[in-house]
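Below is one structure, written out as structure tokens; the observations come after it.
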Amino acid sequence: MLTPDLVVDALQLAGTAEPAGLLPARQQMALSLGWHIVLACFGVAFPAMIFVMHLRGIRREDPVALGLARRWAKVSAVLFAIGAVSGTVLSFEMGLLWPGLMGTYGDVLGLPFAFEGLAFFLEAIFLGIYLYGWGRMPAKRHVLMVLPMAITGIVGAYCVVAVNAWMNVPTGFRLVGGEVTDVQPWAVLFNQHAFLQFAHMWVGAYMVAGFSVAGVYAAGMLRGRRDAHHRLGFMVPFVFASIAAVTQPFVGHVLGFGLDERQPAKLAAFELAETTESPSPLRLGGVVVDGEVVGAIDIPVLGSLIAMNSLDDPVPGLDTIPEEDRPPVNITHLAFQTMVGVGTLLAAGVTWFWVQRWRGRDLLTKRWFLRAAAAAGPLAVIALEAGWVATEVGRQPWVVYGVMRTPDAVGDYTSALWWLLGISALIYAGMTAAAVIVLRSMARRWRSGETDLPSPYAPETVDSSS
């Protein structure tokens, strides 16, 4: 149900008195980034899972593990191909939609984007070598081709996150008379906030990829396929996802240190702190309606303890922030709590699984657990998307915090951007459908006994003699 304040937040994002192209530019960027980030997670995390599976197959002479590594490599190629398309679209959108940002700060952001492009090309090269190296290279040399894939995937993701971290904590330049001078590209690439923000994203990538891949095999086991192939296909990514899920709350907590100084308005929106209270409660749920918090469950003191690492230090309230500098509060708060809530649920679930396994109980024989495991992948994606909504919307009205407002970054466009948004939505829907069709086709052919597909996307061969 839409509350009055949620409507106000939406209008705030739309900016009724702001440039005509601002809302469609925001929606276009949200669509592109929200779609691409899921594929980026596989680019970051999937190579490590393939490497572990392939190495296991070599060391234990396990044909099941080797078969899984080979199949995963072909799945990775499909995801990489469509990710390349969406990534290319994003690179054009940065200049097309936000000429104010790129025109002013292009020299500042050039180095991270250049390294990201280089990492992308290197990843593509080694993916090709690995994919077509089966049976053509010595096994121990072949498996090492995965490592450059993993490294370049991490480097590329770090460079993009470094740019976003810079937008949250700008550094490495001076503004003199509105002109950018004294650019220090390395200071931008290695800005103080980048490492922690990347760690948060990196761990999240393992949650998305790990739970999603494990969920595929959980769904297979629900259909009665409880062989060694499905159990091993479940356990390896689930181990990665488990470690990530348990680690993520701590990484996120450390990332939040000092947010009251860096972006107090964002912290106030996260905590739904309309006023400054000492000690501050933790508010679960709720929205702001006409300046009042409605529907929240307050847990005394816990807000100060979690947000400020203190029993009595207050969370700065929105009453300390000028109204024109406040983000859309309800959207930011609900997205943040969705991320934290889903992340906590996944961390608790995997902890319980491993405790039960330590006690000798095999939950892979339980249908209710397999259903929960199959749902964990979509839940991890929801947590990831909610986290980015909280980060980006919580920074508003700034595109570069404290330096450039978002309306100043957008181009002077009109309704033409709505046509672009509609076309882009159709393209992304088409790419999604194509990816699903190709991956399901590959899975069906593997189940039918075709162990060596000629390529990740080749059509079924036809016997000309028949």
Side-chain angles (χ1 to χ4, degrees), residues 38-39 41-43 45-83 127-137 139 142-143 145-146 149 208-241 364 367 370-371 373-378 431-464 466:
V38 178
L39 297 173
C41 288
F42 283 88
F46 211 7
M49 299 177 196
I50 296 172
F51 178 77
V52 168
M53 189 66 80
H54 195 161
L55 194 62
R56 173 191 173 100
I58 293 173
R59 290 187 171 179
R60 301 191 181 187
E61 298 183 353
D62 184 348
V64 173
L66 289 174
L68 282 165
R70 192 167 190 175
R71 292 184 182 186
W72 288 359
K74 295 190 174 185
V75 171
S76 181
V78 174
L79 298 178
F80 185 88
I82 58 175
L127 173 60
I129 293 173
Y130 178 72
L131 187 64
Y132 296 105
W134 287 91
R136 297 177 176 89
M137 299 174 65
H142 182 216
V143 71
M145 296 300 104
V146 187
M149 288 168 51
V208 169
F211 282 125
S212 296
V213 176
V216 170
Y217 292 95
M221 284 188 275
L222 279 170
R223 294 183 175 91
R225 306 179 195 120
R226 298 174 183 260
D227 51 16
H229 171 89
H230 280 78
R231 290 184 68 91
L232 184 60
F234 175 88
M235 286 304 300
V236 169
F238 192 76
V239 168
F240 277 96
L364 293 183
R367 292 187 64 83
L370 293 175
R371 291 191 185 98
M431 287 196 297
T432 302
V436 170
I437 291 171
V438 169
L439 292 176
R440 287 178 63 88
S441 173
M442 291 165 62
R444 183 174 62 252
R445 292 164 65 186
W446 279 325
R447 287 196 300 271
S448 68
E450 294 186 59
T451 59
D452 187 19
L453 304 186
S455 75
Y457 42 79
E460 297 183 43
T461 56
V462 179
D463 187 353
S464 58
S466 59

Sequence-distant partners of His230, side chain to side chain donor-acceptor pair (under 3.5 Å), two or more places apart: Asp227
Minimal non-hydrogen separation, Leu364 against Leu370, with atom names: O-CD1, 3.7 Å
Ser76 versus Ile50, closest heavy-atom pair with distance: CB-CD1, 4.1 Å
Within-4.5 Å side-chain heavy-atom neighbours: His229 and Tyr217: yes
Straight-line distance of Leu68 CG to Trp446 CH2, nearest 0.5 Å: 9.5 Å
Pairwise distance OH(Tyr132) to CG(Leu127) - rounded to 0.5 angstrom: 8.5 Å
Inter-residue atom distance Ile437.CD1 - Thr432.OG1, 0.5 Å rounding: 11.0 Å
Nearest heavy-atom neighbours spanning Ile82 and Ala435: CD1-CB, 3.6 Å
Audit row: Val146, Leu55, side-chain contact (heavy atoms from CB on, under 4.5 Å) steps and yes/no: CA-CA 10 Å; Val146 187; Leu55 194 62; over 6 Å; no
Value rounded to 0.5 Å, distance of OH in Tyr130 from CZ in Arg70: 9.5 Å
Closest non-hydrogen atom pair between Met49 and Trp72, with its separation: O-CZ3, 3.8 Å
Side-chain heavy atoms of Arg447 within contact of Arg444, under 4.5 Å: yes
Listed partners of Phe51 passing ring pair (Phe, Tyr, Trp, His ring centres under 6.0 Å), at least two apart: none
Inter-residue atom distance Met149.CE - Ile129.CD1, 0.5 Å rounding: 10.5 Å
Flag if over 12 foreign heavy atoms under 6.0 Å of CZ, Arg59: no
Taking every non-hydrogen atom, the tightest pair across Ile58 and Ala139: CD1-O, 3.5 Å
Ring geometry between His54 and His142 (parallel below 30°, tilted from 30 to 60°, perpendicular above 60°): perpendicular
Nearest atoms (heavy-atom pairs only) where Ala65 meets Arg56: CB-CD, 4.0 Å
Parallel, tilted or perpendicular, as decided by the 30° and 60° cut-offs, for the rings of Phe42 and Phe46: perpendicular
Atom pair CZ (Phe80) and CG (Leu131), whose distance is rounded to the nearest 0.5 Å: 11.5 Å
Side-chain heavy-atom pair Leu232, Asp62 within 4.5 angstrom cut-off: yes
Flag, side chain of Arg231 to backbone of Arg226, donor-acceptor distance under 3.5 Å: no
